[in-house]
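Lettering of chains follows the sequences in order, A, B, ..., and the numbering in each one begins at 1. Note that the structure is a prediction, hence the values are computed from the model and not measured.
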Number of protein chains: 2
Amino acid sequence: MLNTVQIKEKINQAGERLTPQRIEILKYLRSVTCHPTAEIIYTEVKKNIPTISLGTIYRNLIYLVTKGYIIQFQNNDNITCYDGNPKDHIHFICQKCNKVHDIFETPTIDKAKFDKLGIINKVEYKVFGVCTECNQ
Amino acid sequence: MLNTVQIKEKINQAGERLTPQRIEILKYLRSVTCHPTAEIIYTEVKKNIPTISLGTIYRNLIYLVTKGYIIQFQNNDNITCYDGNPKDHIHFICQKCNKVHDIFETPTIDKAKFDKLGIINKVEYKVFGVCTECNQ
DNA sequence: AAATTACTAGTAATGATTATCAATAACTAT
DNA sequence: ATAGTTATTGATAATCATTACTAGTAATTT
């Protein structure tokens, strides 16, 4: 996992600025294993930067997703969730409690089939079901 | 592909009613290979049932998804799209033109890994990229 | 240290989706 | 067939996650 210095090195590029807000959002997402919504990230980052606004959260999340530092996906209620681990993996989403579990396995697909269709930028694998806790 | 009689047989169950609106929405989705939004479905079904309302479209789409007659997923703009083919398959989504291509292949995953987590109800595989047409 | 401009905070606007409710019509039982 | 039950519809209002806007601020460059 990247430390703050590494984040600084990685995130800063020509024409882009390294703001405390941007660092804090990425640091938070890298520090948790859950898959928070923008609203939750807002609540949590606010503890360290009380004046941060929700718009800043959204803007930076878009930035971090675009840059590939984090992953985004929609949960069962179609709310966008974020994952600080950008490595391809499967999300198991409980349809009752909406909790998300990571499965660190990449399904094997026939890449050749996609070559005709175009260039692949990212994949998203979701599995919906009911977790063991909710299935009592 | 189901014909109208088969749809009637399949769709009607105790406590549920077979309305012309419901039939028409399913018939439309079964007749196309594209992946329309609720708005597009509204426009198309309206040609046959001019008085149908958008709320009825949404309500029946939820019904059809719940029953497993159709599939839903979010496109690159996070708008819900619908697929009249409920068989598991991969969606290749162009990030430029938002067009969706079907890949009739099911990635193999280690089901055992999910047994610990809970019961699987459905899977959703999406691949984002740029289609050959947009990549000129 | 000054200049440039990407970024922020605060707020308003957007728009897909859901909720509401009286009227209707699909189904059931007689 | 007919009447009764209630799932569904049409129309409209409400919701709320997300985006747009703007003047002020601060990160970076020169």
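Protein atom CD1 of Ile57(B) is 14 Å distant from nucleotide atom C1' of dA11(D), rounded to whole Å. Atom CD1 in Ile52(A) sits roughly 11 Å away from atom P in dG10(C) (whole-Å rounding). A straight line from CD1 of Ile23(B) to P of dT9(D) spans 11 Å, rounded to a whole angstrom. Rounded to an integer number of Å, the gap from CG of Asn76(A) to P of dT18(C) is 12 Å. When the C1' atom of dT8(D) is taken as reference, atom CD1 of Ile49(B) falls 13 Å away, rounded to whole Å. The separation between Arg17(A) atom CZ and dT4(C) atom C1' is 7 Å, rounded to whole Å. Nucleotide dA11(D) holds its C1' atom 11 Å from the NZ atom of Lys46(B), rounded to whole Å. What separates CZ of Arg22(A) from P of dT25(D) is a distance of 20 Å, to the nearest Å.
Ring planes of Phe73(B) and His35(B): perpendicular class, angle over 60° (limits at 30 and 60°).
Within the 4.0 Å cut-off from OP1 or OP2 of dA25(C), not a single side-chain nitrogen or oxygen of Gln21(B) is found. For dT9(D), one of the phosphate oxygens OP1 or OP2 lies less than 4.0 angstrom from a side-chain nitrogen or oxygen of Thr19(B). Taking only side-chain nitrogens and oxygens, Ser53(A) never comes nearer than 4.0 Å to OP1 or OP2 of dG10(C).
A salt bridge does not link Glu24(B) with Arg22(B): none of the charged nitrogens is closer than 4.0 Å to a carboxylate oxygen. Salt bridge annotation for Lys99(B)-Glu133(B): present, with a cationic side-chain nitrogen under 4.0 angstrom from a carboxylate oxygen.
Side-chain contact annotation: Asp77(B) with Asn98(B), donor-acceptor N/O pair under 3.5 Å present. Using modelled atom types, one finds a donor on one side chain and an acceptor on the other under 3.5 Å when comparing His91(A) with Asp83(A).
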Each nucleotide N or O in nucleotides 18-22 of chain D that has a protein N or O under 3.5 Å away: list the pair and distance.
unit_1, atom_1, unit_2, atom_2, d
dT18(D), OP1, Thr80(A), N, 3.2
dT18(D), OP1, Thr80(A), OG1, 2.7
dT18(D), OP2, Tyr58(A), OH, 2.5

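Exactly one residue among Val100(A), Thr43(A), Ile41(A) makes a side-chain contact (heavy atoms from CB on, under 4.5 Å) with Pro36(A). That residue is Ile41(A).
Atom CD1 in Ile62(B) sits 14.0 Å away from atom NZ in Lys67(B) (nearest 0.5 Å).
Nucleic acid contact class of Pro20(A) (heavy atoms, under 4.0 Å, all strands): sugar-phosphate only.
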